[in-house]
Amino acid sequence: MMRKRYVALSLLLGAMVPLLLLGVGSVRADEDNGSNGGAVRFLRSVPVPGSAFNPSGKMFVFDISWVDQATQLYYLADRSNAVIDVVDTKTDTFVKQIAGGFKGFTGNNDTSGPNGVVVIGRPGHQFLIVTDAPSRVVSINLQTDTIVNEVSTGGADGFRADELAYDPVDNLLLPVNNADDKPFATLIKVNPQTGVLTQPKNIEGVDRITFTDATNGAEQPVWDPGTGMFYISIPEINGPGGKGDTGAVKRINPHTAKVEKTFEVKHCQPAGLALGPHGDLLAGCSVIFNTAGTVWLGLNDPNTAAPIQVVLDAKTGAIDKIVAGVGGSDEVWFNPGDGRYYTASRANPGAVPNGASPTSPTTDPVLGVIDAESRTLVQLVPTFNTPNPTQPPPRGTAHSVAVNAHNNHAFVPLPANNVFPGCLTGCIAVFGAPRNGDDEEGNHDR
C-alpha cells in the first residue's frame, strides 16, 4: 500500500472502520465460538489456490482485506491471481474466488490491482466494492458475482485507485488515489439497492479532495458514525518524500468535499487507520523512528528503535496515547469482539535483512495486539515476509489484517512460503485464542 516496500523473512512461528453497519462495540464474541482476552497464537492456514491468470499457481502479492460481520465472510484483494479470495470465517475454510477483470500485479504496486475492498448492503442483497488500476472502482453483485458497473476516479495514466471507506448514511464511497503526484480522494455515490455507482465529476471541491501537502502518498480512510466524517491517514506532510517526521490524520466533510481539520502525528508516518471505542482512532505507524527522532536505520543505527502506534481523538485530534512496542504497520483493525486492535506490522524492527543496502532497516514482521481500553500493547505474534531481495520476484509482505468479531479470529494473508504449514501456494493465516476444537498443533477438529 505504501509506495515504499517493506520486506523481511520471519524465522519464528509462535505458540476501519470495521463493522460500519453494525457500529463499534455492537458485536461481542459468540459464547461458544470465541475467547476474550486470551493469548493469541497461530491456529491454522487457509491455502489459497491459483487462478488461470497466474501461471505460477502461487499467491505472493495482495493488498487490503475485509470481514463482513453480517455474513462472516472474509474478502482479500489478491493481485497474484487477479481475483478476490473469499473465506468462511466461521469454519476457516476457502469458499471461492471472484473475478472482476482486475489488473493483477504489474511489477509495480502503483499500477496493480485489486487493492481495496468493502461490502455494502444486507445479507442476501450485498455488493462488493473493489478498487483497481487504472483509477477503477468496481461494484460486484454478491448474489451473482457479476459486475454491476464501474467508474473512474480520473487519476494519472495507469495509476490505481487504492484503499476506500464507506459512509452508509449518505451512501458515499471514498476511494483514494495514493500514487498520483498529489494524492487525492474521491466521493462516489452508490445506490445500496442496486449497487450502481454514479460516475464522479472528478472536480476539486465538488467530489475530489486533493491532499496538496502530502509528500508520501495517502493511505487508509475510515468513516466515523459519531462525527459523520471521513478520516484518512497521510504518512508525511510537507516532508522530503519518505523520511519526514510529521504525518497526519485528516478529517473530511462528505457534504463539502473539503478537509476540515489536519491532525499532525509525529514520528509515525500513519498508514493504517481504525475506529475504536470512545471515539478513538488508531493510526498504524508505517515507519520506524529511533530514540533520536530520525528514521531507524537497522542494526547499524547508533540509536535504539522506537516503534509506536498512535491513538487519537476523532473529534479533537488530541493524542490520547502513544502505544510503544510495535510499528511498521499497514492495515490495522479494531475488533469489538475482544476489545482489541490488530496491526499488520510487516516492518516491525528486528534482525532480518530488508534490502541490499546496509542502511535498510532490518525487520521481523508481526501481528500486533493492543488492548483498546487500556491502550497498551499486549502481544506480538510472528508472521512472514518473503526475503528482500528475493529471486525470482515477486515477493510479498504480511501487511493486511481483518478480524471476525464473532469468534475473534484474525486473518493475515501470507505470501507463498514453507515456514507456515499449508502455505506453499500462499495462504491466509488464522490467529486467535485457542478454544474447543483447536488442538495443540493449531489444527481444527471438524
Side-chain angles (χ1 to χ4, degrees), residues 1 3 48-68 73-87 94-120 126-166 173-180 186 188 190 195-197 199 220 330-331 393-397 399-400 402 411 413 415-416 425-428:
M1 295 172 40
R3 281 176 285 178
V48 174
S51 70
F53 178 88
N54 181 11
S56 76
K58 297 181 178 182
M59 180 185 74
F60 289 101
V61 187
F62 44 81
D63 205 357
I64 290 300
S65 55
W66 177 268
V67 171
D68 175 55
L73 292 176
Y74 166 93
Y75 298 86
L76 172 65
D78 178 348
R79 292 181 185 150
S80 289
N81 291 305
V83 295
I84 303 299
D85 297 318
V86 185
V87 169
F94 195 86
V95 175
K96 60 184 175 181
Q97 292 177 322
I98 301 174
F102 303 119
K103 189 71 172 180
F105 185 59
T106 65
N108 182 345
N109 285 337
D110 292 347
T111 58
S112 298
N115 302 303
V117 289
V118 70
V119 173
I120 70 170
Q126 290 185 311
F127 303 93
L128 176 68
I129 312 299
V130 185
T131 53
D132 190 26
S135 296
R136 183 175 180 240
V137 182
V138 186
S139 175
I140 296 174
N141 186 324
L142 284 175
Q143 288 59 245
T144 60
D145 293 346
T146 56
I147 292 176
V148 176
N149 77 323
E150 61 183 76
V151 297
S152 173
T153 57
D157 286 349
F159 285 152
R160 63 178 173 167
D162 191 16
E163 302 184 50
L164 78 164
Y166 175 55
L173 298 162
L174 187 79
V176 179
N177 279 59
N178 75 315
D180 282 66
T186 306
I188 298 175
V190 57
V196 171
L197 306 172
Q199 172 60 46
Q220 179 68 55
D330 195 359
E331 188 173 14
R395 30 165 301 275
T397 63
H399 68 101
S400 182
F411 296 81
T425 62
C427 67
I428 298 156

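Source: prediction; values computed, not measured.
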For this session: Could you give me the CA-CA distance, side-chain angles and deciding distance for Ser80 and Asp78, then say whether side chain to side chain donor-acceptor pair (under 3.5 Å) is met?
Result: CA-CA 6 Å; Ser80 289; Asp78 178 348; 4.5 Å; no

So CG of Asn149 and CZ of Phe127: to nearest 0.5 Å the spacing works out to 10.5 Å

Query raised in the report: Any side-chain heavy atom of Leu142 sitting closer than 4.5 Å to one from Ile98?
Result: yes

Could you tell me whether the side chain of Thr425 reaches within less than 4.5 Å of the side chain of Met59, counting heavy atoms only? no

For Gly107 and Ser112, the nearest pair of non-hydrogen atoms, with its separation, is N-OG, 4.4 Å

If we only count heavy atoms from C-beta on, is the Ile84 to Pro114 side-chain gap below 4.5 Å? yes

If you measure only the distance, is there a donor-acceptor pair under 3.5 Å linking the side chains of Ser135 and Ser152?
no

Run the numbers on Val151 and Ile188 for side-chain contact (heavy atoms from CB on, under 4.5 Å), then give the verdict. CA-CA 9 Å; Val151 297; Ile188 298 175; 3.9 Å; yes

Asp132 side chain near Glu150 side chain, heavy-atom distance below 4.5 Å
no

Heavy-atom closest pair (Pro175 atom, Thr131 atom, distance to 0.1 Å) is CB-CG2, 3.9 Å

Separation between CZ (Phe102) and CG (Asn115), nearest 0.5 Å, reads 9.5 Å

Value for CZ (Phe53) from CZ (Arg79), rounded to nearest 0.5 Å, stands at 12.0 Å

With a 4.0 Å cut-off on N to O distance, would you call Asp145 and Lys96 a salt bridge?
yes

Is any side-chain heavy atom of Val148 closer than 4.5 Å to one of Ile140?
no

Tested for side-chain contact (heavy atoms from CB on, under 4.5 Å) against Thr153, the lone hit among Asp180, Val176, Leu164, Val137 is Val137

Tell me, do Ser400 and Asp63 make a side-chain contact under 4.5 Å, heavy atoms counted?
no

Closest heavy-atom pair, Phe94 versus Pro49, reported as atoms and distance to 0.1 Å, is CZ-CD, 3.5 Å

CZ of Phe60 to CG of Asn81, rounded to nearest 0.5 Å, is 11.0 Å

Margin query: Quick one, Val48 and Ile428 - any side-chain contact, counting heavy atoms below 4.5 Å?
Written below: yes

Q.
Apply side-chain contact (heavy atoms from CB on, under 4.5 Å) to residues Ile120 and Val190 and explain how you reach the verdict.
A. CA-CA 9 Å; Ile120 70 170; Val190 57; 3.6 Å; yes

Closest non-hydrogen atoms of Pro415 and Gly396, given as atom of the first, atom of the second and distance, are CG-O, 3.5 Å

| query | Quick check: does any side chain N or O of Gln220 sit under 3.5 Å from a backbone N or O of Glu331, one acting as donor and the other as acceptor? | reply | no

His399 (side chain) donor-acceptor with Phe62 (main chain) under 3.5 angstrom: yes

Worksheet item: Are any of the side-chain heavy atoms of Tyr75 and Ser65 separated by less than 4.5 Å?
Response: no

Note to self: Regarding Asn108 and Thr106, do their side chains bring together a donor and an acceptor under 3.5 Å, going by distance alone?
What the structure shows: no

All heavy atoms of Ala161 vs all of Arg136, minimum pair found to be CB-O, 3.8 Å

Residues Val119 and Trp66: closest non-hydrogen pair is N-NE1, 3.8 Å

Distance col, row Leu173:CG vs Leu197:CG, nearest 0.5 angstrom, shows 6.5 Å

For this session: Answer with yes or no whether the side chains of Asn109 and Arg160 bring together a donor and an acceptor at under 3.5 Å.
Result: no

Separation between CG (Asp162) and CG (Asn178), nearest 0.5 Å, reads 4.0 Å

